[in-house]
Amino acid sequence: MEQIHVATSSRPYDVLVGAGLLDHIGELVRDVTKLGRCCVVTETNVGPLYADRVEAALGAAGLDVVGRITFPAGEASKTLATLGGILEDLAERELTRDDVVVALGGGVTGDMGGLAAALYLRGIKVVQVPTSLLAMVDSSVGGKTAVDLTAGKNLVGAFWQPSLVVADVDALATVPPELFRDSCGEVVKHAVLADADLLDTLTAHPLTESRGAATLVDVVARNVRIKRDVVVADEREGGLRQTLNLGHTVGHAIESASDFSLGHGSCVAAGLCVIARGSAALGWCSVQTAGRIERCVAAHGLPTSTELPTDLLMRYAAHDKKRHGAAVNVVVPREVGRCEVRCVGLDDLRRLIDLGR
Ligand SMILES: NC(=O)c1ccc[n+]([C@@H]2O[C@H](COP(=O)([O-])OP(=O)(O)OC[C@H]3O[C@@H](n4cnc5c(N)ncnc54)[C@H](O)[C@@H]3O)[C@@H](O)[C@H]2O)c1
Ligand SMILES: [Zn+2]
């Protein structure tokens with residue numbers, strides 16, 4: 001098992017990455033939360049697969065499981081209405097400040113359970129138990145939680161660090177292969193940000209083809225360390241944390257312009273390649289760097305480009321949340337393992353996209 005300590009100033013906690021951890025989750029949670037009561041928050045796909053096991057392990061360690069809250073799986077559930085229902089359920093079970101929410105599922109569940117815990121009684125403990133690759137390498141670490149509004153994704157939320165994260169890579173066995181592939185986009189992004197060795201290893205042995213437990217534990221743990229280092233340096237996204245948006249300015253534009261028909265990770269992968277090629281064309285990184293990034297994306301069967309016209313992409317990219325007046329912050333790879341945030345005018349962004357497409 002790998003243990004990664006996340007020393008955020010608001011709450012330090014550990015991320016545990018291993019195989020077979022779900023059956024021991026009771027002891028792991030008890031070590032951190034003491035003998036409180038706990039309530040599992042999950043959704044309709046993951047709950048039937050893993051919630052019985054998790055609740056049995058919690059009970060066996062002497063924790064009092066006061067029920068399970070299950071909401072319909074999928075992004076469509078990430079609403080204030082679903083959140084309200086979860087909060088009412090927590091109150092009905094009379095959870096107190098000493099008790100703990102166990103969020104069991106993918107990134108949607110992590111956001112829902114995390115935000116419910118942040119708001120209920122002005123904040124109770126949450127243990128994140130990510131079951132998707134994206135949730136393990138990205139969303140369960142760092143304490144960002146949110147729900148969507150009609151106006152856009154993740155517009156209402158809170159920073160609320162978990163008390164513990166337990167990532168059991170065995171749970172990835174039931175993740176649909178296409179979703180697993182999609183999430184590899186964020187894994188490649190992390191490697192480009194901070195781990196050149198990981199990028200080359202992934203290119204030679206794509207995660208989509210080597211899903212053994214030891215490999216998964218190693219890759220997930222390396223990803224968690226990368227995200228940890230950024231989050232600890234900049235918990236509330238003042239500066240450095242923006243580098244995690246690598247590939248996302250163009251990725252979000254592709255996602256919106258294609259009406260969310262392409263997965264988020266695939267859009268990020270394509271966005272990463274567009275930015276890398278554009279950066280190479282503008283002399284911000286070498287052609288070799290762009291090629292290295294592209295090869296890793298391609299090895300995972302993810303898109304390295306987009307057919308969407310620059311004008312359409314610009315329409316969405318110019319509305320990016322990270323926009324500041326007539327300029328947008330774009331994360332640029334200088335070389336593999338070293339990226340920087342650049343504030344570029346909209347004309348330069350258009351050139352970057354046009355050259356990179
Ligand atoms: N808070 C953050 O920092 C952060 C960061 C990145 C993404 N996110 C959010 O995460 C969400 C995307 O995460 P996701 O891809 O995990 O989405 P998700 O939670 O919807 O999971 C994707 C699908 O996989 C299923 N699933 C999950 N684990 C499974 C398993 N072990 N076996 C079988 N099926 C399983 C789910 O039921 C769902 O159908 C988005 O809402 C995004 O906004 C949050
Ligand atoms: Zn992302």
Side-chain angles (χ1 to χ4, degrees), residues 184-200 202-203 223 226-227 229-230 233-234 237-257 264-300 302-357:
C184 288
E186 300 280 8
V187 174
V188 177
K189 176 200 81 175
H190 279 148
V192 174
L193 269 184
D195 194 339
D197 177 60
L198 177 62
L199 190 83
D200 293 339
L202 288 170
T203 306
N223 274 265
I226 293 165
K227 180 144 187 197
D229 289 346
V230 174
D234 177 20
E237 206 165 312
L240 184 67
R241 195 161 176 166
Q242 288 182 39
T243 58
L244 293 170
N245 272 323
L246 177 63
H248 280 64
T249 303
V250 179
H252 280 146
I254 296 173
E255 210 175 357
S256 302
H264 174 76
S266 304
C267 296
V268 169
L272 188 58
C273 293
V274 169
I275 285 294
R277 282 189 303 263
S279 298
L282 291 173
W284 294 346
C285 74
S286 69
V287 175
Q288 287 79 359
T289 293
R292 223 166 137 196
I293 295 170
E294 248 182 297
R295 276 195 296 283
C296 189
V297 168
H300 287 80
L302 290 165
T304 56
S305 193
T306 175
E307 307 263 281
L308 297 166
T310 305
D311 277 349
L312 185 63
L313 293 173
M314 271 307 288
R315 206 175 305 155
Y316 290 99
H319 284 111
D320 198 90
K321 261 197 289 186
K322 281 23 185 205
R323 179 169 168 183
H324 303 279
V328 178
N329 279 350
V330 182
V331 188
V332 170
R334 299 306 306 266
E335 55 189 81
V336 175
R338 190 167 65 88
C339 299
E340 72 182 20
V341 180
R342 277 198 179 216
C343 188
V344 301
L346 294 182
D347 286 344
D348 282 343
L349 179 65
R350 174 183 294 275
R351 250 171 24 107
L352 192 60
I353 293 177
D354 214 26
L355 291 166
R357 281 181 55 248

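Everything numeric here is computed off the predicted structure, so don't read it as measured data.
Remark: His190 NE2 to Cys184 SG distance equals 12.5 Å, nearest 0.5 Å. Note: Leu193 CG to Glu186 CD = 10.0 Å, rounded to the nearest 0.5 Å. To the nearest 0.5 Å, atoms SG (Cys339) and NZ (Lys189) are separated by 10.5 Å. The distance from the OG atom of Ser279 to the CG atom of Leu355 is 10.0 Å, given to the nearest 0.5 Å. Atoms OG1 and CD1, from Thr249 and Ile353 in turn, are 8.0 Å apart once rounded to the nearest 0.5 Å. Between Leu202 atom CG and Asp197 atom CG the span is 9.5 Å, to the nearest 0.5 Å.
Taking both residues in full, the closest heavy atoms of Ala276 and Ala290 are given as O-CB, 3.6 Å, listed atom of the first, atom of the second, then distance. Taking both residues in full, the closest heavy atoms of Leu349 and Ala317 are given as CD2-CB, 3.9 Å, listed atom of the first, atom of the second, then distance. The two residues Val331 and Gln242 come nearest to each other via the heavy atoms CG2-O, 3.3 Å. Nearest heavy-atom pair, Ala191 versus Ile226, reported as atom, atom and distance to 0.1 Å: N-CD1, 4.5 Å. Looking at every heavy atom in both residues, Arg292 comes nearest to Leu199 through O-CD2, 3.9 Å. Closest approach of Cys285 and Pro333 over heavy atoms only: CB-O, 3.0 Å.
When the shell of 6.0 Å around CZ of Arg357 is examined, it contains more than 12 heavy atoms from other residues, nucleotides or ligands. Within a 6.0 Å radius of CG in Asp347, other residues, nucleotides and ligands contribute 12 heavy atoms or fewer.
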Side chain to side chain contact (heavy atoms under 4.5 Å, CB included) evaluation trace for Ser305 with Arg277: CA-CA 10 Å; Ser305 193; Arg277 282 189 303 263; 3.4 Å; yes
Leu346 and Val328: side chain to side chain contact (heavy atoms under 4.5 Å, CB included), yes or no, with the steps? CA-CA 7 Å; Leu346 294 182; Val328 178; 3.6 Å; yes
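Of the charged side-chain nitrogens involved, none lies within less than 4.0 Å of a carboxylate oxygen, so that Glu340 and Arg338 do not count as a salt-bridged pair.
Between Arg350 and Asp311 there is a side-chain heavy-atom pair separated by less than 4.5 Å. In this structure, the side chains of Arg342 and Asn329 stay at 4.5 Å or more apart for every pair of heavy atoms. Side-chain contact between Glu255 and His248 is absent, with no heavy-atom pair separated by less than 4.5 Å. Between Ile275 and Leu352, some side-chain heavy-atom pair lies under the 4.5 Å cut-off.
Of the candidates Leu198, Val297, Leu246, Val192 forms a side chain to side chain contact (heavy atoms under 4.5 Å, CB included) with just one, namely Leu246.
Looking at Thr243, its side chain does come within 3.5 Å of a backbone N or O of Leu240 through a donor-acceptor pair. With hydrogens and angles ignored, the 3.5 Å screen pairs a side-chain donor or acceptor of Asp234 with a backbone N or O of Gly239.
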